[in-house]
Asks: 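Let me begin by handing over the structure; questions about it come next.
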Amino acid sequence: MIGQIRNLNPDRDFAFIVCGANRDIFLHRREYKGSWTELLELHKKNPVTVEFEIREGEKGLIAIKCRVANNGNL
């Protein structure tokens with residue numbers, strides 16, 4: 001799936017991805033395949049598009065195997 005980082009708090013190890021009809025998908029730092037620090041910096045400058053898979057968690061959808069999409073944001 002493809003979505004955009006909506007909310008990424010630098011003091012926390014998680015973010016939310018908006019995908020489709022404004023569905024929020026939870027992303028934990030351990031499921032991000034790349035540098036979390038670089039993702040924070042990218043998010044400060046521009047919207048960041050990410051590619052990921054999803055699984056069902058106790059509280060809703062969870063992003064797994066997440067990485068920045070090849071869209072020029074790097």
Side-chain angles (χ1 to χ4, degrees):
M1 298 189 82
I2 295 183
Q4 225 173 39
I5 299 290
R6 177 183 64 81
N7 185 1
L8 195 150
N9 185 333
D11 299 327
R12 301 283 188 126
D13 286 343
F14 64 87
F16 287 94
I17 300 169
V18 65
C19 179
N22 293 328
R23 295 168 58 172
D24 280 344
I25 299 170
F26 179 82
L27 169 64
H28 191 276
R29 180 179 187 164
R30 71 177 168 263
E31 291 295 342
Y32 180 69
K33 306 303 177 194
S35 167
W36 192 255
T37 303
E38 288 178 18
L39 182 62
L40 286 167
E41 290 303 313
L42 285 172
H43 182 68
K44 287 179 188 177
K45 297 175 187 174
N46 295 303
V48 180
T49 301
V50 291
E51 296 176 315
F52 57 95
E53 296 177 21
I54 58 170
R55 70 173 173 85
E56 188 70 36
E58 281 185 33
K59 297 180 181 180
L61 297 177
I62 298 171
I64 60 172
K65 301 179 185 176
C66 183
R67 65 182 180 86
V68 172
N70 187 11
N71 64 0
N73 280 344
L74 297 173

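On a predicted model such as this, the values are computed, not experimentally measured, just so you know.
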Asks: Are L39 and V48 close enough, and set up right, to give a side chain to side chain contact (heavy atoms under 4.5 Å, CB included), and what steps lead you there?
Replies: CA-CA 8 Å; L39 182 62; V48 180; 3.8 Å; yes
Asks: Return the orientation label for the H28 and F26 ring planes: parallel under 30°, perpendicular over 60°, tilted otherwise.
Replies: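 Geometry flag for F26 against H28: tilted rings.
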Asks: Is there side-chain contact between F14 and L8, with heavy atoms separated by less than 4.5 Å?
Replies: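 Answer no - side chains too far apart.
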Asks: Under 6.0 Å from the NZ atom of K33, do we count more than 12 heavy atoms belonging to anything else shown?
Replies: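 Count over threshold, so yes.
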Asks: Start with the C-alpha distance between R23 and V18, add both sets of side-chain angles, then the distance that settles side chain to side chain contact (heavy atoms under 4.5 Å, CB included), and finish with yes or no.
Replies: CA-CA 5 Å; R23 295 168 58 172; V18 65; over 6 Å; no
Asks: What distance separates R6 CZ from H43 NE2, expressed to the nearest 0.5 Å?
Replies: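 R6 atom CZ to H43 atom NE2 measures 9.5 Å (nearest 0.5 Å).
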Asks: Test of understanding: clusters of I, L, V, M, F, W, Y form through side-chain heavy atoms closer than 4.5 Å, transitively. Do V50 and I62 belong to the same one?
Replies: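 In one cluster: no.
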Asks: Is there a side chain to side chain contact (heavy atoms under 4.5 Å, CB included) between I17 and C66 once you walk through the steps?
Replies: CA-CA 10 Å; I17 300 169; C66 183; 4.2 Å; yes
Asks: Between I54 and I64, is a side chain to side chain contact (heavy atoms under 4.5 Å, CB included) present by the stated rule, with each step listed?
Replies: CA-CA 6 Å; I54 58 170; I64 60 172; over 6 Å; no
Asks: Flag yes if I5 and L61 sit in one hydrophobic cluster, no otherwise; membership is Ile, Leu, Val, Met, Phe, Trp, Tyr, and two members link when side-chain heavy atoms are under 4.5 Å apart.
Replies: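 Linked, I5 and L61 end up in one cluster.
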Asks: Nearest 0.5 Å, what's the CD1-CD distance between I25 and E53?
Replies: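 The distance works out to 12.0 Å.
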Asks: Closest approach of G3 and F52, non-hydrogen atoms and distance?
Replies: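 Taking G3 first and F52 second, the nearest heavy atoms are N-CE2, 3.5 Å.
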